[in-house]
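Computed from a predicted model, the values in this text were never measured in an experiment. Sequence lines set the chain letters: A, B, ... in the order given, protein chains first and strands last, and positions in each chain run from 1.
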2 protein chains.
Amino acid sequence: MAALPSGLLGALDPTSDRAVFRQIADQIREAIDKGRFKEGAKLPSEAELVEHFGVSRMTVRNSISQLQGEGLVSSEHGKGVFVRPRPPVRRLASDRFARRHREQGKAAFTVEAEAAGSRPEVDSLEVKEERASQDISARLGSVRKVLSRRRRYLLDGRPVEFATSYLPLDLARGTQIAEPNPGPGGIYARLEELGRHLDHFDEEVQARMPSQEETKMLRLAAGVPVIHLVRTAYDSEGRAVEVCDTVMAADAYVLAYQLPAN
Amino acid sequence: MAALPSGLLGALDPTSDRAVFRQIADQIREAIDKGRFKEGAKLPSEAELVEHFGVSRMTVRNSISQLQGEGLVSSEHGKGVFVRPRPPVRRLASDRFARRHREQGKAAFTVEAEAAGSRPEVDSLEVKEERASQDISARLGSVRKVLSRRRRYLLDGRPVEFATSYLPLDLARGTQIAEPNPGPGGIYARLEELGRHLDHFDEEVQARMPSQEETKMLRLAAGVPVIHLVRTAYDSEGRAVEVCDTVMAADAYVLAYQLPAN
DNA sequence: TGGGCATACTCGTATAGACGAGTGGGCAAG
DNA sequence: CTTGCCCACTCGTCTATACGAGTATGCCCA
């Protein structure tokens, strides 16, 4: 076992009140912040850290799990612990559903991804008729039965979001909206063809830690929250025509909005 | 040590591949989901769980730390582990900076909080002249020196967000904007009095786990992400007049936006 | 050359024990 | 009755050890 390259990590302060495992986490965090460990770089192994700091392995593991919770590092069984690289973020502009973007045909996700030089995929598409949950029903204006469209989006093979759209069943049944492939311009284009001129969207944004299932669906590393976005589409008569419930890997997105000042 | 009330938690499956500490976490998670432990309720103590599942204490602690990372529970030294109550969320509407809300005088935060029946406070106010960071400078349009206003907001004694506003120094120096109390309607009202008619705001929203300092400033429990919001205000000539960098406790907020459809 | 295996290194899981420190209730002394 | 202390219970920190499982590498043998 080779000694740690000197200068990478300092020593503990035995007189400090701060718990040893926190001091170790502090040292590593500082080393990452100062660039002594770069993005994607491998940290010293647990055994090396044990040696360097003269503590037991559980203490070192405790430090590392601290840093994992902060989203700073992620460990890979059999390989090591690595500084978590910041993946390229996808910027969602507030005009991304503007009609003009719809006219050309392709789905917004595909167009954007290809423009950014990524390979987009859509996955696990499922179209179903079901009873609306209380929340969805309220958002759609007391609708009982809905058509749900569930799908997952990937960029370069990495899942980044999954979403479920809910539409009033009497509106969507028998239309192309009920097909797996809703055609050029997506379901919003189909809604307008059905005479529902879209007026505006409401979006509600929250952030939280993922559930077990979300961690699996998005293959999330420890310490990565999700953004939960619920969008409701309204037609020009003020009727809600669609609710889209989206869960996104928070490290893959920045949402951009424009607000008027009056 | 009393036995656990039966029915609250099940047993382990020794034939399962799933790690014991995960199985225990699963059991507790399910019990919470199904309402067998309510919000704010105390979980069985570590000793009781050790007894119930017949495992060592470190294994139980591992399970609990798993649940903490998910934001489901939080532990309090000397008291126990509790199901994390969902605090009341503050809804930020996209018209919250509309001019009409400014005319009346009070700060937006105060008005909103009082309307919701909470006790608002503003804290650690600090006004400074400083050199703009690269990011802030870029957002303000190559401004070198800025006035920064830093403050923290609390609801019923709980810190929920802290924010720093940056304004071009040549714009703000010597005005009431440079005073700790910017007067009725806040700095946006002062900017308009200075002839800078506000046109719109850009907001960028990201979510991530908090840094050490943010955890302290917002007194965040484990497993609570932050929402990082950067707002830029533009006047009617398209000049950026303010950048506000805000970090919010994600469990205290839902952001609401309205997007036009064309 | 190519395939497969042994091996050494990585992190993952689990045990058992010890002591420290925060909290709250009950009891005893004033 | 009030005050203050002690104790029991809680989680926090740390050690030492053991074995399992995933990964990479190099060597040997076919």
Any protein N or O atoms within reach of nucleotides 11-15 of chain D? Criterion: under 3.5 Å, listing atom names and distances.
unit_1 : atom_1 : unit_2 : atom_2 : d
D:dC11 : OP2    : B:E46  : N      : 3.0
D:dC11 : O2     : B:H77  : NE2    : 3.1
D:dG12 : OP1    : B:S75  : OG     : 3.1
D:dG12 : OP2    : B:R61  : NH1    : 2.8
D:dG12 : OP2    : B:R61  : NH2    : 3.2
D:dG12 : N7     : B:R57  : NH2    : 2.7
D:dG12 : O6     : B:R57  : NH1    : 3.0
D:dT13 : OP1    : A:R22  : NH2    : 3.1
D:dC14 : OP1    : A:V20  : N      : 2.5
D:dC14 : OP2    : A:V20  : N      : 3.4
D:dC14 : OP2    : A:F21  : N      : 3.1
D:dT15 : OP2    : A:S56  : N      : 3.0
D:dT15 : OP2    : A:S56  : OG     : 3.3
D:dT15 : OP2    : A:T59  : OG1    : 2.6

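Distance alone, capped at 3.5 Å, places no donor-acceptor pair between the A:E204 side chain and the A:L229 backbone. Proximity of a side-chain donor or acceptor of A:S63 to a complementary backbone N or O of A:T59 within less than 3.5 Å is detected. With A:Q23 contributing its side chain and A:L12 its backbone, the two residues share no donor-acceptor pair below 3.5 Å. One N or O on the side chain of A:R151 and one on the backbone of A:R149 form a donor-acceptor pair closer than 3.5 Å.
Between the CD atom of A:E51 and the P atom of D:dA16 there is a distance of 14 Å, rounded to whole Å. A:F82 places its CZ atom 9 Å from the C1' atom of C:dT10, with the value rounded to the nearest Å.
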- Show your reasoning for whether side-chain contact (heavy atoms from CB on, under 4.5 Å) applies to B:L218 and B:V224. CA-CA 10 Å; B:L218 297 175; B:V224 180; over 6 Å; no
